[in-house]
Number of protein chains: 2
Amino acid sequence: MADVAERAGVSRSLVSLVVRGSPLVSDARRAAVLEAIEELGYRHNAIASRLAAKSTRTLGLLLSDLHNPVFADVHDGVVEAARAEGFEVLLVAGPGDVRRESALLERLVTLQVDALVLAGYAGDGDALRRIAEHTPVVAVNRRIDGPGIDLVVTDETASAVLVVDHLAGLGHRRIAHVASPRSDAFQYRRAAYEQAMAARGLDPWIVEGDLTAHGGRAAVATFARTGDWPSAVVAHNDVSAVGVMSALQERGLAVPRDVSVVGYDDTDLARLPSIALTTIEQHAHDQGRSAARMAIARIADPERQSRTVVIPTRLVVRATTREPASIGT
Amino acid sequence: MADVAERAGVSRSLVSLVVRGSPLVSDARRAAVLEAIEELGYRHNAIASRLAAKSTRTLGLLLSDLHNPVFADVHDGVVEAARAEGFEVLLVAGPGDVRRESALLERLVTLQVDALVLAGYAGDGDALRRIAEHTPVVAVNRRIDGPGIDLVVTDETASAVLVVDHLAGLGHRRIAHVASPRSDAFQYRRAAYEQAMAARGLDPWIVEGDLTAHGGRAAVATFARTGDWPSAVVAHNDVSAVGVMSALQERGLAVPRDVSVVGYDDTDLARLPSIALTTIEQHAHDQGRSAARMAIARIADPERQSRTVVIPTRLVVRATTREPASIGT
DNA sequence: TTGAAAGCGCTAACAA
DNA sequence: TTGTTAGCGCTTTCAA
């Protein structure tokens with residue numbers, strides 16, 4: 001930078017201003033500086049800049065699993081909102097390992113991002129609260145509360161009612177839920193399902209699963225082993241639902257003829273004609289956008305109250321649900 | 001850090017050594033420092049550390065499109081190899097906009113990552129060569145050459161022969177290729193297809209597409225408009241192939257009864273039982289791993305010759321290809 | 001094994 | 001509008 005300054009015959013701070021596109025520089029000087037930059041092949045060092053400036057105008061985004069297409073939607077939303085405010089987005093993604101997530105988080109914090117957006121974080125709530133003491137955190141669809149933590153969530157109660165009413169309305173009574181792992185962070189979907197079932201006078205039927213296709217497959221294996229089959233399955237998310245469908249298909253069972261299947265997320269996957277999954281649309285793109293906006297708002301005002309944005313959901317009925325076999329045929 | 005040093009009764013450099021896990025510190029001192037760190041809630045500032053240390057032990061990974069599941073595989077491979085060598089991986093991902101890709105790249109470079117791995121980069125080759133003057137670059141499946149640039153590619157010629165032989169062997173002669181956009185970076189697949197067709201005495205039939213499902217859909221729209229239907233379609237990748245399949249299905253055409261479809265990548269998508277796409281397995285995970293290893297090797301020896309790793313491919317025959325209708329029925 | 005001193009490349013008052 | 005002067009928080013010789 002000193003070289004550029006000398007070559008352009010100006011001071012270093014002038015160069016700094018030009019680099020950052022400040023309007024306080026005369027055109028003549030600016031041109032001279034730009035030319036010197038070009039000639040010398042100078043490149044701005046963002047690390048040094050961050051160190052000096054403290055603010056980095058960068059959002060850190062943690063995506064827990066790149067294999068789940070819903071996170072691509074969240075990412076798009078975050079990037080869209082961040083760019084509109086002049087922020088960059090830096091990503092880290094974990095291959096699903098919960099224990100590594102805290103490490104990834106640390107990594108992001110340590111890079112001095114101005115705020116953190118977490119999508120799918122299932123790690124330690126206390127670790128998060130500690131981070132939130134000094135860096136704004138927005139958690140998407142994971143209810144971890146604490147000072148400095150904002151939340152973007154969906155209305156799980158309403159969603160579960162939509163799903164259960166839809167299935168019960170078709171005549172289903174044996175409706176199983178392939179749940180996410182037990183964790184404070186996402187106990188709500190499971191609880192909402194149980195409530196919605198109870199409200200309809202139906203017995204909740206929980207099968208432990210996970211957040212991947214594997215969980216869905218494992219659930220089907222459980223049904224097969226016990227010989228106890230539901231007429232409809234509500235999976236924790238689309239990916240898991242697709243796992244259920246795949247396993248059913250491999251066993252020669254047809255969806256929705258033999259079993260109806262519902263997912264959550266309305267990902268690209270659910271929209272494929274050959275999948276055509278009935279699912280809860282959760283507006284992942286909007287979730288990302290809201291999260292980024294909240295993060296940026298809190299950067300501006302770190303002391304503000306924690307807020308929770310609730311994203312409305314919608315049931316998208318496609319081809320994987322219909323009346324149970326005993327009634328339908 | 002000064003506070004920690006004072007509290008522990010040591011110098012700042014001692015604290016620095018402890019933080020970085022150096023073995024040159026006595027246990028007593030180390031314990032004292034660790035305790036002081038704990039008590040003071042000190043957190044290491046990676047930005048400052050990077051600035052001072054120059055090396056960041058971080059690989060920057062550019063993923064052009066998070067919606068394409070193949071990039072999740074590449075990412076996993078990169079992370080696996082990077083971690084084995086004690087490197088972290090920082091991601092940026094673009095929503096497919098070629099022009100933004102150069103900006104994303106700049107961003108990564110500016111963050112002083114030690115090397116860059118690009119998956120799906122379709123941007124400016126010259127911009128890349130300029131970056132490679134000072135930062136090692138490894139391009140995955142995009143042939144952009146230059147000093148300091150290493151390549152991980154697949155054998156396109158062999159792949160095209162596998163595909164064309166498979167289809168021709170089934171009796172297909174009207175085999176269309178839904179190609180990627182024209183670009184130096186990935187002209188090879190298209191050229192390999194043309195050669196393989198010519199070698200079989202078949203007429204190449206190129207339909208312009210893109211790297212997304214949309215390109216596949218558009219291709220089908222073109223067939224419908226002209227009324228000129230191929231008996232088999234070879235798409236540039238799985239995502240595009242699924243676009244072809246979706247559009248066919250929406251028009252009431254069945255795969256493979258009416259049209260056979262082949263993709264490239266062998267993504268999770270291709271493996272779904274309801275898709276069961278015949279595709280070229282390209283070992284994206286291995287590509288990522290090789291790329292990370294090459295990047296790290298070049299960090300150690302920046303002057304070494306540019307290398308190209310060729311990843312072997314394999315045809316995975318699933319349910320989307322069979323003999324053309326006129327012969328089969 | 002430990003400490004002192006000299007930056008890493010930039011930004012941010014402040015003064016001119 | 002431009003230049004001067006201090007750092008940002010850490011690492012790294014080098015000497016003790």
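First the proteins, then the strands, lettered A, B, ... as listed; each starts at 1. Note: hydrogens, waters and symmetry copies are ignored here, and every other heavy atom, side chains too, is used.
With sequence neighbours left out, the salt bridge (Lys or Arg N to Asp or Glu O under 4.0 Å) criterion links B:Glu39 to B:Arg7. Listed by chain and number, the residues in a side-chain hydrogen bond (donor to acceptor under 3.5 Å, both in side chains) with B:Asp145 amount to none (sequence neighbours excluded). The side-chain hydrogen bond (donor to acceptor under 3.5 Å, both in side chains) check on A:Glu80 picks up A:His285, A:Arg289, with sequence neighbours excluded. The side-chain contact (heavy atoms from CB on, under 4.5 Å) check on A:Asp3 picks up A:Leu40, with sequence neighbours excluded. For B:Asp150, the side-chain hydrogen bond (donor to acceptor under 3.5 Å, both in side chains) partners are B:Arg298, not counting sequence neighbours. With sequence neighbours excluded, the residues forming a side-chain hydrogen bond (donor to acceptor under 3.5 Å, both in side chains) with A:Asp114 are A:Ser55, A:Thr56, listed by chain and number. By the side-chain contact (heavy atoms from CB on, under 4.5 Å) test, A:Ala53 pairs with no residue at all, sequence neighbours left out.
Note: A:Leu90 CG to B:Leu90 CG = 4.0 Å, rounded to the nearest 0.5 Å.
At its two ends the helix from C:dT1-D:dA16 to C:dA16-D:dT1 runs along axes set 20° apart, each axis drawn from five pairs and the angle rounded to 10°.
Screening residues 12-25 of chain A for side-chain hydrogen bond (donor to acceptor under 3.5 Å, both in side chains) gives A:Ser11-A:Ser13, A:Ser16-A:Arg20 as the qualifying pairs, with residues at least two apart or on separate chains.
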Donor-acceptor pairs are to be reported for all side-chain atoms of residues 132-139 of chain B against protein atoms at under 3.5 Å, with residues two or more places apart or in another chain.
{"unit_1": "B:His134", "atom_1": "NE2", "unit_2": "A:Arg43", "atom_2": "NE", "d": "2.9"}

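Heavy-atom contacts of chain B under 4.0 Å fall on DNA chain D between two terminal nucleotides, which in 5' to 3' order are D:dG9 to D:dT12.
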Classify every nucleotide of nucleotides 9-16 of chain C by which part a protein heavy atom approaches to under 4.0 Å, writing B for the base, S for the sugar-phosphate alone and - for neither, in 5'-to-3' order. BBBB----
